[in-house]
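Shown next, in structure tokens, is the structure this report addresses.
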Amino acid sequence: MPELPEVETIARGLAQRVSGDVIDSVWLGRKPEPLKSPALEIAAALEHSRIATVRRMGKHIVFDLEHNGVPAQAQWIVHLGMTGRLQVCEPQAEILKHTHAILKLASGRELRFVDPRRFGRLSVARGFDAGGIEPLEADLDRFLDLFRGRKTPIKSALLNQKLLRGVGNIYADESLFRVGIRPRRRASTITRDQLGKLLVSVKEVLREAIALGGSSISDYVDADGEAGFFQLQHRVYGREGEPCLVCKTPIKRIVIAGRSSHYCPKCQK
DNA sequence: ACTATGTCCTGCGAGC
DNA sequence: TGCTCGCAGGACATAG
């Protein structure tokens, strides 16, 4: 479900709501499938820890922990996959289907991880490395380096988290539309000048989306249960057959690396 | 080393 | 109404 802007929105909301709170106890669903680290390791790292900060790295949510004011070695890492949600609620709130983890907080509230499709992952790490570079912090030289000699379609390269972290299917399509590059264009065939413009539009799209609280397609909501509004700004994503907002040509949908890809055949070369 | 493809899951809407 | 099909904000493992 969530890409960089959605994860950023969620992490900010969580930071506001649970920073400073202490994790009294942890319940993890019996099936350890959504866990990347052993359940016991996760529980041991979380229980009796104070949540110092909550922040985003790529599409990951990082909880920095501390014990008695001393920063802990371990960090709690949450990846929401396609359908993962973190909800802060009162203990009496109905436990939703597909709830896989419940953290009881000293404030009396609970932090719950809900994920119907189970693509999300919970883990603990030390000095977590999300791989790739942060698009919003990328400078031109490092951005150009990512694509040098790559024959893969530019869309695939943008989605590769080992190169660039945080861009997903929606924002890749939207960024490419804004610079007029077709998603199937081989990365190595794009000029420096065009890649420079691509970096500008990636940043632009991500910043605008964050400002609107992300894109809510079917069920995405932030930590407060609020939907985002960037879906209203989508120019190609999800608009197959509808007229291009610039030239009226019907938007095309093709499949690249198993992912739906939307573009305007006239505006994008 | 890089690239393309299949797989993991559940739920929903479209079409019959 | 009820079924089947295709599709979904992601990331791996595997094969070539």
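Letters go in sequence order (proteins before strands), and every chain restarts at 1.
Counting to the nearest Å, the C1' atom of dA8(C) and the CG atom of Asp173(A) are 14 Å from each other. For the pair Ile217(A) CD1 and dG10(C) C1', the interatomic distance rounds to 15 Å; values are reported in whole Å. The interatomic distance linking Lys162(A) (NZ) with dA11(C) (P) rounds to 10 Å, in whole Å.
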For residues 241-255 of chain A, tabulate all N or O donor-acceptor pairs below 3.5 Å that involve a side-chain atom, not counting sequence neighbours.
unit_1, atom_1, unit_2, atom_2, d
Glu242(A), OE1, Arg239(A), NE, 3.3
Arg253(A), NE, Ser260(A), OG, 2.8
Arg253(A), NH2, Ser260(A), OG, 2.8

Distance-only check: which donor-acceptor pairs under 3.5 Å involve side-chain atoms of residues 132-140 of chain A, not counting sequence neighbours?
unit_1, atom_1, unit_2, atom_2, d
Glu134(A), OE1, Arg56(A), NH1, 3.0
Glu134(A), OE1, Arg56(A), NH2, 3.0
Glu134(A), OE2, Arg56(A), NH1, 3.3
Glu134(A), OE2, Gly58(A), N, 2.7
Glu134(A), OE2, Arg165(A), NE, 2.8
Asp139(A), OD1, Asp141(A), N, 3.2
Asp139(A), OD1, Arg142(A), N, 3.0

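Note: the hydrophobic cluster containing Tyr237(A) also contains Val167(A) (ILVMFWY, side chain heavy atoms under 4.5 Å, direct or indirect links).
For Glu41(A), there are no salt bridge (Lys or Arg N to Asp or Glu O under 4.0 Å) partners at least two apart in sequence or on another chain. With sequence neighbours excluded, no residue forms a side chain to side chain donor-acceptor pair (under 3.5 Å) with Ser156(A). Residues that satisfy the salt bridge (Lys or Arg N to Asp or Glu O under 4.0 Å) test with Arg150(A), not counting sequence neighbours, are absent from this structure. In this structure Phe230(A) satisfies the ring pair (Phe, Tyr, Trp, His ring centres under 6.0 Å) test together with Tyr171(A), His234(A), sequence neighbours excluded. In this structure His60(A) satisfies the side chain to side chain donor-acceptor pair (under 3.5 Å) test with no other residue, sequence neighbours excluded.
Pairs of residues two or more places apart, or lying in two chains, that qualify as side chain to side chain donor-acceptor pair (under 3.5 Å) and include a residue from residues 73-82 of chain A are Asp64(A)-Gln75(A).
The P atoms of dA11(C) and dA1(B) are separated by 22 Å, rounded to the nearest whole Å.
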Taking N or O atoms only and anything under 3.5 Å, show me the protein contacts with nucleotides 1-4 of chain B, one pair per line.
unit_1, atom_1, unit_2, atom_2, d
dT3(B), OP1, Lys151(A), N, 2.5
dT3(B), OP1, Thr152(A), N, 3.2
dT3(B), OP2, Arg150(A), NH1, 3.0
dA4(B), OP1, Arg186(A), NH1, 3.1
dA4(B), OP2, Thr152(A), OG1, 3.0

Dump every N/O contact between nucleotides 13-16 of chain B and the protein below 3.5 Å, one line per pair.
none

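At a threshold of 4.0 angstrom between heavy atoms, the contacts of Tyr237(A) are confined to the sugar-phosphate backbone, with no base atom among them.
Side-chain N/O atoms of Lys97(A) include one lying less than 4.0 angstrom from OP1 or OP2 on dG11(B). In this structure, His98(A) does not reach the dC9(B) phosphate: none of its side-chain N or O atoms is under 4.0 Å from OP1 or OP2. Proximity of Arg259(A) to the phosphate of dG10(C): a side-chain N or O atom is located under 4.0 Å from OP1 or OP2.
If His60(A) and Gly258(A) are placed on DNA chain C by their nearest nucleotide, the residue sitting closer to the 5' end is Gly258(A). In terms of position on DNA chain C, the residue among Gln161(A) and Ser260(A) whose nearest nucleotide sits closer to the 5' end is Ser260(A).
Atom NZ of Lys203(A) has more than 12 neighbouring heavy atoms from other residues, nucleotides or ligands inside a 6.0 Å radius.
Grouping Ile, Leu, Val, Met, Phe, Trp and Tyr residues whose side-chain heavy atoms lie under 4.5 Å apart, directly or via other members, places Leu96(A) in a hydrophobic cluster with Val114(A).
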Secondary-structure string, 5' to 3', Watson-Crick or G-U under 3.5 Å, | for another-strand partners, for DNA chain C: .|||||||.|||||||
